[in-house]
Structure formats: C-alpha cells, structure tokens
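Start at 1 with the first residue, then count along the sequence. Computed from a predicted model, the values in this text were never measured in an experiment.
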Amino acid sequence: MLRLFRRLGGNFPNKRSISSVLPSRALSITCRGQKISREDLFRYTNGRFLVNEKAQCSRRYVNFNLEQLCAVVASAEGCASPVTAIEKMEGGFSKALLMKREDGTEVIAKIPFPNAGPPMYTTASEVAVLKYVKEHTTVPVPKVLAWSSDSSNPVGAEYIIMEKATGVQLFTAWDGLDGSARLSLIEQLTEIEGQLARIDFPAFGHLYLRHSVQDQALHQKLAPTADPTSSYCVGPSCDRSWEQASVGDKSLDKGPWNTLSQLGIGLSQRESSHFSGPGNLTSASQAVVQLLRHAAQTMELLDSNPMIAQSAKPTLWHTDLHMGNIFVSEKDPSKIVSLIDWQSISISPLFMQVRWPVFLEPPDDYAEGFVKPKLPENFEDLDEDGKASASYKFKSASRTKGYEISTYFQNRAAYDARRVPRVFKELFIRCGEVHEEGIVALRACLIELSQTWEELRFPGPCPMSFTEEQIKAHDIEFEEYLERHRIQKFAREYLDTDTDGWISPEIDFNEKLEQNRAIFELMVQKLAAETTREELVEIWPFSEALGTN
C-alpha cells in the first residue's frame with residue numbers, strides 16, 4: 001500500500017508523526033467567518049446554481065478523513081503543531097482550506113472536486129507545474145509542502161498542502177494604485193510570461209513528475225537544459241474535455257503530442273468518438289464525423305505551414321490571470337508576490353496560449369500595434385456622462401496598450417503569436433467543442449479556411465470544398481447560431497453568472513430567480529415577431545429556473 005502510494009506521488013507522514021499531531025479537540029471550522037459542521041466542510045456551500053443544482057453540487061462534494069488531513073498539515077515540513085482552525089474556501093473545481101496550526105502558522109490544503117479532471121493526473125500535474133516553476137524560474141508561486149494524487153491514501157482524497165500565498169489579492173489594492181504603479185505591475189506580468197515562454201518543452205500535453213506517470217511509454221523527457229535532474233516529463237492531457245470522451249473510447253490518443261498536427265488530429269478524433277459509436281449512425285451524426293474528417297485533413301498540413309511555425313512552440317502559460325489569482329505586497333502593492341491556481345495548466349501551442357489578462361482585456365474598437373490611445377476628438381462637446389464613459393475607455397485602452405507594448409519588449413514571441421491569423425486558433429477551439437456546441441462554428445471556420453487557403457499559405461490544394469448552395473444554407477444556420485449565443489450571453493451578463501448558472505452566496509438566490517423570469521418575459525415580448533415562447537425556452541440558458549409561471 002505505501003509502496004503504491006509513493007509510486008503515484010505523495011509524502012504522507014509516518015504513523016508515529018500522525019499520532020503526535022492530532023487536531024485540537026477545540027478545532028474551529030468556519031466558512032466566510034461563520035461556524036459550520038463537518039458535513040458542511042465536505043459539501044459545496046459557496047453559492048447556488050440556476051440549473052442542474054443537485055448535479056452541480058454533487059460534482060463538488062468531497063468526503064475525506066479530517067483527522068488524517070490535519071495530521072498531514074500538522075507534520076508538513078517536519079514540524080509537529082496540531083491544527084486548531086480551518087476556514088473553508090471553494091472555487092469551481094477545488095476546495096481550499098486555510099488551516100491554522102497551534103504555533104500560529106497557516107497553510108492551504110487544496111482538494112480537487114470530482115469535476116476537476118481525470119483522477120490522479122489532475123493533482124499530479126498541478127504539483128509538477130508548481131514545483132517546476134518554483135525550481136526553474138523566478139515566478140512567485142506557493143511552495144508545495146505535501147501532496148498525494150492517490151485517493152486511496154489515509155486522507156481518502158487527493159490533496160496538495162502548500163504555503164499560504166503572501167500579500168493580498170490584487171483586487172483589494174488595484175483602485176488605490178496610481179498609473180505608474182499599475183504600469184510597473186503590468187510590466188512584471190509580461191516579464192513573468194516571458195520567462196514561461198522561454199522554457200523549452202518537447203511536446204504538447206501536461207507537465208508531470210516522471211515517477212507519477214504510471215505508463216512510462218506515455219511521457220516525453222525534457223531536455224537536460226530545461227530539466228538537469230531528469231525529474232519531469234510531458235505526459236497525457238488532463239484537460240477535463242478528455243475525461244468524458246475517454247470513458248467510451250480507451251484507445252483515444254490523449255497525448256503527449258510531438259507535433260501541432262498530431263495535437264489537432266487528436267482533437268478531431270476525440271470529438272468524432274462522441275458521434276461514431278454503434279448508436280450514432282444517423283445522417284446527422286455522419287455529417288458531424290465527415291466535417292471533423294475535413295478538420296483532421298487540415299490539421300495534417302499545419303506542421304508545414306510557415307505562418308504558424310514560429311508561434312506553435314509548446315508553451316506553459318497561466319491562462320487565468322484575474323485579480324483574484326494575483327497577490328501583491330501589502331507594503332508595496334505594485335509588486336507581485338504570488339500567482340495561484342495552476343490547476344489544469346497545459347503545455348499548448350503558444351498561439352493558443354496567449355491572451356489578455358482578464359483585467360487588461362481591450363475595450364471595443366481597440367487598435368493593436370504601436371497606436372497610442374486617444375480621447376475622442378469631440379470630447380469637450382460631450383455631456384458629463386459621455387466624458388466619464390470616454391475617459392474610462394481611454395484609461396482602459398492605455399492599460400491594455402501598456403501590457404501590449406511591454407509584451408513586445410519582454411516577450412516578443414508572445415507578441416508575434418498574437419498576430420497569427422485568428423482562423424488558426426479558431427480551428428482548434430471550434431474543433432474541440434463540437435460535442436458541446438455542434439458543428440456550425442467549426443463549419444464556419446472550415447469555409448473561411450477554404451476561401452483563404454492560398455492566402456494562409458497552406459501547401460497544395462485545399463482538401464475540402466463547399467458549394468454555393470451549401471454556403472448559403474450555412475449562412476442562415478450560422479446567423480441563428482450567433483443569435484442564440486447573443487441571447488445566452490445577454491442572459492448571463494444580466495444575471496451576473498456563468499454557463500453553470502452559479503450565484504454567489506452573498507446574493508439573494510430567490511431574487512435572482514425573479515430576475516431570470518423577468519428578463520425572460522422581456523425577451524419574449526422583444527422577440528415576439530421572430531421567435532415563439534417555446535423556441536425561446538429551448539435556447540434560454542436558465543429555462544429550468546423559470547418554474548411553471
């Protein structure tokens with residue numbers, strides 16, 4: 001048992017250390033400052049859901065042995081100080097427990113939810129990323145103190161014990177920063193991303209410690225320059241989208257992939273697996289599979305396309321840089337002291353990884369390149385509201401421009417990758433979401449590729465063609481697709497929620513239910529000439545929460 005545990009990864013304390021550091025009898029368990037029961041510690045209580053609430057909460061329920069977890073925490077780093085208090089925090093895919101020890105020190109215990117991704121691999125990869133970044137860069141990340149990717153361990157769940165991030169979350173300090181402090185912080189971000197972009201990885205997939213990948217045939221070693229101790233490898237993808245597909249088809253190629261073409265073909269085969277089984281022999285399913293074949297034929301040619309060759313480097317990148325994941329110094333809020341939440345971070349093509357940090361996303365009509373943002377020429381003629389809106393947009397564009405220009409100087413590869421024609425990135429995105437979104441968006445991408453084939457410098461003739469009649473029929477279907485997504489986006493933004501319908505625990509849930517019904521009825525009236533109530537119910541993202549009224 002212990003031999004298997006250590007092979008899969010982990011460093012659970014021995015029995016002697018456990019017996020000496022049991023949690024305090026007066027253990028305090030709280031959530032948002034309020035006392036909760038042990039069962040509430042296991043349950044998801046960080047909000048409610050407008051749709052599929054029972055299933056959503058079930059996918060976020062984790063039971064574990066609290067005493068054993070406290071023992072791991074108490075013994076971390078060789079100390080023997082019992083846990084006296086636990087504050088529960090939760091995200092969409094993990095439970096984070098702030099655990100205070102008797103000696104006053106605090107650490108974070110992170111336990112993944114069942115919906116986080118493939119068991120074992122999700123935790124093993126996050127640990128590897130944190131360790132690698134800590135060892136081989138100056139990027140500030142929490143130190144891993146103890147971990148296990150084997151849920152049969154004494155705790156009864158996968159876990160990572162790590163240092164508590166120092167400093168404060170950026171959103172608590174941002175409003176108080178002046179322009180120069182914000183620019184300094186932005187420059188630090190681009191320097192951090194530059195460090196990540198310069199690491200050489202041999203393949204696309206996820207990063208692991210070599211001993212935690214059970215099948216040694218499913219890993220690619222890093223070069224000695226990137227990993228002098230031969231401790232790490234690139235292994236199979238632990239992206240959540242692969243887990244469901246793999247249930248029905250164990251033969252799927254989940255990586256690692258040595259080339260861009262292999263990665264793309266793997267995506268198309270994964271999506272095809274949802275439609276090519278014995279029970280999916282309908283004409284609609286066959287049409288989906290055929291379109292995915294066209295996508296795979298295009299993917300085969302990507303390795304020889306010079307337009308993306310320089311921007312397809314396998315790259316590790318933090319893809320969720322919002323203010324809650326960035327910690328800054330309390331004494332000097334312009335200094336980044338920690339980046340958190342590296343779960344499911346992949347090694348993917350650079351042109352697929354680059355994106356604007358959430359709080360630096362460009363406003364409408366933002367001009368990329370060396371173009372200085374300006375206030376509108378008629379600024380002085382605007383009323384007070386107009387001036388306020390224009391000033392806000394100008395300041396937002398200026399911050400985005402600061403990030404863009406700093407990226408040019410500190411991370412030129414990422415700057416160039418952002419300029420890869422959008423359709424290449426769309427090809428991967430649309431191909432990878434066919435099972436959930438259907439084929440309309442992928443078809444639009446393939447039509448665009450076929451019409452710009454030579455301009456995009458593909459070798460040889462285009463392997464697919466679309467007749468004028470097919471394109472006209474698609475245009476009608478695509479407009480319906482866009483309208484459906486516009487309605488769904490409007491509903492999410494109005495209700496301040498996401499695709500799961502999550503509602504913060506600080507908001508009155510019943511009030512949100514009323515808002516959902518009210519905005520739906522408003523849309524019924526607004527679209528009465530184009531869409532029936534029944535049709536709108538079908539596309540409304542939160543129709544389940546409309547009730548019987």
K.L.:
Is it true that W174 and F359 have ring centroids separated by less than 6.0 Å?
P.N.:
yes
K.L.:
Do E102 and T84 meet the criterion of a side-chain donor-acceptor pair at a distance under 3.5 Å?
P.N.:
no
K.L.:
Hey, does L321 have a side-chain heavy atom less than 4.5 Å from the side chain of H318?
P.N.:
yes
K.L.:
Tell me whether S391 contacts the main-chain N or O of A388 through its side chain, where contact means a donor paired with an acceptor under 3.5 Å.
P.N.:
no
K.L.:
Would R43 pass as a cation-pi partner of Y61, given that its NZ or CZ must be under 6.0 Å from the six-membered ring centre and within 45 degrees of the axis?
P.N.:
no
K.L.:
Is it true that K143 and E77 make a salt bridge, defined as a side-chain N closer than 4.0 Å to a carboxylate O?
P.N.:
yes
K.L.:
More than 12 foreign heavy atoms under 6.0 Å from NZ of K134: is that the case here?
P.N.:
yes
K.L.:
Can you check side-chain hydrogen bond (donor to acceptor under 3.5 Å, both in side chains) on E158 and S151, steps first, answer last?
P.N.:
CA-CA 5 Å; E158 299 177 38; S151 60; 5.2 Å; no
K.L.:
Any side-chain donor-acceptor pair under 3.5 Å between S94 and Q343?
P.N.:
yes
K.L.:
Between the side chain of T172 and the main-chain N/O of L170, is any donor-acceptor distance below 3.5 Å?
P.N.:
no
K.L.:
Using 4.0 Å as the upper bound for N to carboxylate O, is an ion pair formed by E106 and K100?
P.N.:
no
K.L.:
Atom CD of residue position E361 - does it have more than 12 heavy atoms of other residues, nucleotides or ligands inside 6.0 Å?
P.N.:
yes
K.L.:
Does D500 pair with R48 as a salt bridge, N-O distance under 4.0 Å?
P.N.:
no
K.L.:
Using a 3.5 Å distance criterion without hydrogens, assess whether the side chain of N115 forms a donor-acceptor pair with backbone atoms of G92.
P.N.:
yes
K.L.:
Can a salt bridge be assigned to the pair K95 and E90 using a cut-off of 4.0 Å between side-chain N and carboxylate O?
P.N.:
yes
K.L.:
Can K401 and Y366 be counted as having a side-chain donor-acceptor contact under 3.5 angstrom?
P.N.:
yes
K.L.:
Hey, mind stepping through D416 and R412 against salt bridge (charged side-chain N to carboxylate O under 4.0 Å, His left out) and telling me if it holds?
P.N.:
CA-CA 6 Å; D416 293 340; R412 184 63 181 272; 3.3 Å; yes
K.L.:
Hey, are R418 and E404 close enough for a salt bridge, meaning a charged N less than 4.0 Å from a carboxylate O?
P.N.:
no
K.L.:
Side chain of S125, backbone of L207: donor and acceptor closer than 3.5 Å?
P.N.:
yes
K.L.:
Less than 4.0 Å between a side-chain N and a carboxylate O, is that true for R430 and E437?
P.N.:
no
K.L.:
When you measure from the side chain of S334 to the backbone of S184, do you find a donor-acceptor pair of N or O atoms at a distance under 3.5 Å?
P.N.:
no
K.L.:
For Y208 and Y232, what are the C-alpha separation, side-chain angles and deciding distance, and is it a ring pair (Phe, Tyr, Trp, His ring centres under 6.0 Å)?
P.N.:
CA-CA 6 Å; Y208 300 91; Y232 298 88; over 10 Å; no
K.L.:
Under 3.5 Å, is there a donor-acceptor pair between the side chain of N325 and the main chain of L339?
P.N.:
no
K.L.:
Test V83 against L27 for side chain to side chain contact (heavy atoms under 4.5 Å, CB included), laying out the working first.
P.N.:
CA-CA 7 Å; V83 173; L27 180 65; 3.9 Å; yes
K.L.:
When you look at L263 and F428, which way does the side chain to side chain contact (heavy atoms under 4.5 Å, CB included) test go after all the steps?
P.N.:
CA-CA 9 Å; L263 170 62; F428 281 84; 4.1 Å; yes
K.L.:
Counting the benzene-type ring for Trp, do Y408 and Y415 have ring centres under 6.0 Å apart?
P.N.:
yes
K.L.:
Rounded at 0.5 Å granularity, tell me how far CZ in R198 sits from NZ in K313.
P.N.:
9.5 Å
K.L.:
Between atom CD of E191 and atom OG1 of T407, what is the distance when rounded to the nearest 0.5 Å?
P.N.:
11.5 Å
K.L.:
Indicate yes or no for a side-chain donor-acceptor contact from T105 to the backbone of R101 under 3.5 Å, with no hydrogens or angles considered.
P.N.:
no
K.L.:
Thinking salt bridges, do K110 and E126 make one under a 4.0 Å N-O criterion?
P.N.:
yes
K.L.:
When rounded to the nearest 0.5 angstrom, what distance separates CG in L360 from CD1 in I186?
P.N.:
4.5 Å
K.L.:
Determine, step by step, whether D239 and S241 satisfy the side-chain hydrogen bond (donor to acceptor under 3.5 Å, both in side chains) criterion, reporting the C-alpha distance in whole Å, the side-chain angles of both residues, the deciding distance to 0.1 Å, and the verdict.
P.N.:
CA-CA 5 Å; D239 188 275; S241 56; 2.4 Å; yes
K.L.:
Determine, step by step, whether Q410 and T190 satisfy the side-chain hydrogen bond (donor to acceptor under 3.5 Å, both in side chains) criterion, reporting the C-alpha distance in whole Å, the side-chain angles of both residues, the deciding distance to 0.1 Å, and the verdict.
P.N.:
CA-CA 6 Å; Q410 301 207 64; T190 60; 3.2 Å; yes
K.L.:
Show the numbers, then the answer: is there a side chain to side chain contact (heavy atoms under 4.5 Å, CB included) between R517 and L513?
P.N.:
CA-CA 6 Å; R517 284 190 282 266; L513 292 176; 4.0 Å; yes
K.L.:
Do K393 side-chain atoms and D364 backbone N/O form a donor-acceptor pair below 3.5 Å?
P.N.:
yes
K.L.:
Verify the neighbour count for atom CD of E39: are there more than 12 heavy atoms of other residues, nucleotides or ligands below 6.0 Å?
P.N.:
yes
K.L.:
Is S149 reaching over with its side chain to a backbone N or O of T123, donor-acceptor style, under 3.5 angstrom?
P.N.:
no
K.L.:
Any salt bridge between K512 and E506, counting N to O under 4.0 Å?
P.N.:
no
K.L.:
Within a reach of under 6.0 Å around CZ of F379, are more than 12 heavy atoms found that belong to other residues, nucleotides or ligands?
P.N.:
yes
K.L.:
Do the side chain of D227 and the main chain of S231 share a donor and acceptor less than 3.5 angstrom apart?
P.N.:
yes
K.L.:
Does the separation of the ring centres of F520 and F542 fall below 6.0 angstrom?
P.N.:
no
K.L.:
Less than 4.0 Å between a side-chain N and a carboxylate O, is that true for E436 and R240?
P.N.:
no
K.L.:
Please list, chain by chain and in numerical order, all residues satisfying side chain to side chain contact (heavy atoms under 4.5 Å, CB included) with D178, sequence neighbours excluded.
P.N.:
S180, A181
